[in-house]
Trainee: 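Please see the structure below; I have some questions.
Side chains are part of it too, since the values below use all heavy atoms of this structure and drop only hydrogens, waters and symmetry mates.
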Amino acid sequence: MKWNTDAKMVAAVLVGVVLGNCAAADHVVELSQGEESVKATIDGEVFTVLRTSPDRRKPFFLPVTGPDALGILEKAEPSDEPGAPGRKVFVVAESATVHVSGGENETVGYGEILRVEEIQDDKLWVTGKNGWVSAGDVAPLAATVTRLINDKPDPIKDRLSPLYYDHPHHKGIWMSVDEVNGIKFW
């Protein structure tokens, strides 16, 4: 889907609602538009990406990160455990360049998961690619506050697998409120 000026304005309004008074609180909020996405950054860190996809009927925000995402990534322990974020990042750019050491640069696309070994300023050393990627092109999984969309779920999962449950980190707690100030909630 091609973005036009109206779509970018809608994205700006949606992100503005989510950000609240962030820009008024002396933070630098930027929106950058691609062919299928609008990326929102706060003070140079990826906050969220509003993404369209031919596979989905509606645009969606994915991922959404908390503050100091790179600090959280730096403190994260490497992990190969299924479902554990470890020192992995989610590519948010439609097309990001991995600057390969002593070789030809490689391009990675939106949604790819990369393992990070080292952080230097705004560059991340990507294990397995033998190169650096810009921090502005990725979101650390350890700092995301939304779950990723699994477009290819296993048809049947083992009940003992940590990915069997909808929330592998905890069992769900449901709470409901009947009415608040005349508005019904469920």
Side-chain angles (χ1 to χ4, degrees), residues 1-74 76 82-97 107-116 119 122 124 126 133-153 163 165-170 172-175 183 185-186:
M1 169 182 188
K2 288 234 179 215
W3 286 87
N4 58 30
T5 305
D6 293 338
K8 188 171 183 183
M9 186 169 52
V10 168
V13 169
L14 288 171
V15 170
V17 168
V18 173
L19 296 176
N21 294 327
C22 188
D26 295 329
H27 292 284
V28 178
V29 177
E30 294 182 55
L31 297 176
S32 55
Q33 178 180 346
E35 289 291 317
E36 295 182 341
S37 64
V38 175
K39 179 173 65 173
T41 58
I42 302 172
D43 297 331
E45 270 194 11
V46 174
F47 168 64
T48 191
V49 175
L50 178 66
R51 176 95 172 151
T52 63
S53 170
D55 302 341
R56 293 192 173 76
R57 294 182 302 161
K58 302 176 187 175
F60 57 96
F61 286 102
L62 185 69
V64 177
T65 64
D68 192 28
L70 286 179
I72 293 169
L73 177 65
E74 204 161 22
R87 293 197 64 165
K88 298 175 198 156
V89 293
F90 181 92
V91 177
V92 298
E94 291 178 13
S95 178
T97 301
T107 302
V108 291
Y110 177 86
E112 288 191 51
I113 306 292
L114 306 173
R115 293 178 190 272
V116 173
I119 301 169
D122 65 341
L124 310 174
V126 179
V133 67
S134 170
D137 290 335
V138 298
L141 291 181
T144 59
V145 296
T146 54
R147 289 181 289 157
L148 300 180
I149 297 171
N150 185 357
D151 288 323
K152 298 173 186 150
L163 300 179
Y165 297 97
D166 189 42
H167 292 72
H169 52 283
H170 72 276
I173 300 171
W174 291 82
M175 181 182 94
I183 300 170
F185 293 86
W186 63 90

Trainee: Does the structure place the NZ or CZ of Arg51 under 6.0 Å from the centre of the six-membered ring of Tyr110, at an angle of no more than 45° from the ring's axis?
Mentor: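 Ring-cation test returns yes.
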Trainee: Could you state the interatomic distance from CZ (Arg87) to CG (Leu124), rounded to the nearest 0.5 Å?
Mentor: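 Arg87 atom CZ to Leu124 atom CG measures 9.0 Å (nearest 0.5 Å).
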Trainee: What's the shortest heavy-atom distance between Val133 and Ala96, and which atoms?
Mentor: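 Scanning both residues, the minimum pair turns out to be CG2-CB, 4.4 Å.
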Trainee: Taking side chain as C-beta onward, heavy atoms only, is Phe61 less than 4.5 Å from Thr146?
Mentor: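 In short, these two side chains do not touch, never coming nearer than 4.5 Å.
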Trainee: Could you tell me whether a side-chain N or O of Lys88 sits under 3.5 Å from a main-chain N or O of Ala142, the two making a donor and an acceptor?
Mentor: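 Between the backbone of Ala142 and the side chain of Lys88 there is no qualifying donor-acceptor contact (under 3.5 Å).
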Trainee: Could you walk me through whether Thr144 and Val64 pass the side chain to side chain contact (heavy atoms under 4.5 Å, CB included) check?
Mentor: CA-CA 6 Å; Thr144 59; Val64 177; over 6 Å; no
Trainee: Between atom CD of Gln33 and atom CG of Leu50, what is the distance when rounded to the nearest 0.5 Å?
Mentor: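 It is 10.5 Å, given to the nearest 0.5 Å.
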Trainee: Got a donor-acceptor contact below 3.5 angstrom from the Thr41 side chain to the Leu31 backbone?
Mentor: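 Here the side-chain-to-backbone pair does not exist.
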Trainee: Just wondering, do Leu62 and Phe90 contact through their side chains at under 4.5 Å, heavy atoms?
Mentor: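 Contact flag for Phe90/Leu62 side chains = yes.
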Trainee: Could you tell me whether the side chains of Glu94 and Ser37 share a donor-acceptor contact shorter than 3.5 Å?
Mentor: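 Glu94 vs Ser37: donor-acceptor pair found between side chains.
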Trainee: Could you list the residues that satisfy side-chain hydrogen bond (donor to acceptor under 3.5 Å, both in side chains) with Asp122, not counting sequence neighbours?
Mentor: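 Listed in chain order: nothing, the list is empty.
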Trainee: Under 3.5 Å, side chain of Thr97 to main-chain N/O of Thr107, donor-acceptor pair present?
Mentor: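 No; zero donor-acceptor contacts below 3.5 Å.
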Trainee: Can you confirm whether Leu141 sits close enough to Leu73 that some side-chain heavy atom of one is under 4.5 Å from a side-chain heavy atom of the other?
Mentor: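 The answer is no; the side chains never approach within 4.5 Å.
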Trainee: Of all the heavy-atom pairs spanning Ile119 and Leu70, show the shortest one and how long it is.
Mentor: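 Smallest heavy-atom distance, with atoms named: CD1-O, 4.1 Å.
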Trainee: Do the side chains of Val92 and Val138 get nearer than 4.5 Å, heavy atoms only?
Mentor: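 No; the side chains remain at least 4.5 Å from each other.
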Trainee: Looking at Thr65 and Ala139, what are the two nearest heavy atoms and their distance?
Mentor: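 Heavy atoms of Thr65 and Ala139 come nearest at CG2-CB, 3.7 Å.
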Trainee: Does Glu45 reach the main-chain N or O of Ala69 with its side chain, forming a donor-acceptor pair under 3.5 Å?
Mentor: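 At least one qualifying donor-acceptor pair exists.
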Trainee: Can you name the salt bridge (charged side-chain N to carboxylate O under 4.0 Å, His left out) partners of Arg115, sequence neighbours left out?
Mentor: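 With sequence neighbours excluded, Arg115 shows a salt bridge (charged side-chain N to carboxylate O under 4.0 Å, His left out) to Asp80, given in chain and number order.
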Trainee: Counting N and O atoms only, with roles assigned by atom type, does the side chain of Asp43 sit under 3.5 Å from a partner on the main chain of Val28, one being a donor and the other an acceptor?
Mentor: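 Confirmed, Asp43 side chain pairs with Val28 backbone.
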Trainee: Closest heavy-atom contact between Ile72 and Ala143?
Mentor: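 It is CD1-CB, 4.0 Å.
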Trainee: Would you check if the side chain of Glu112 reaches a backbone N or O of Gly109 as a donor-acceptor pair within less than 3.5 Å?
Mentor: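 Yes: the side chain of Glu112 pairs with the backbone of Gly109.
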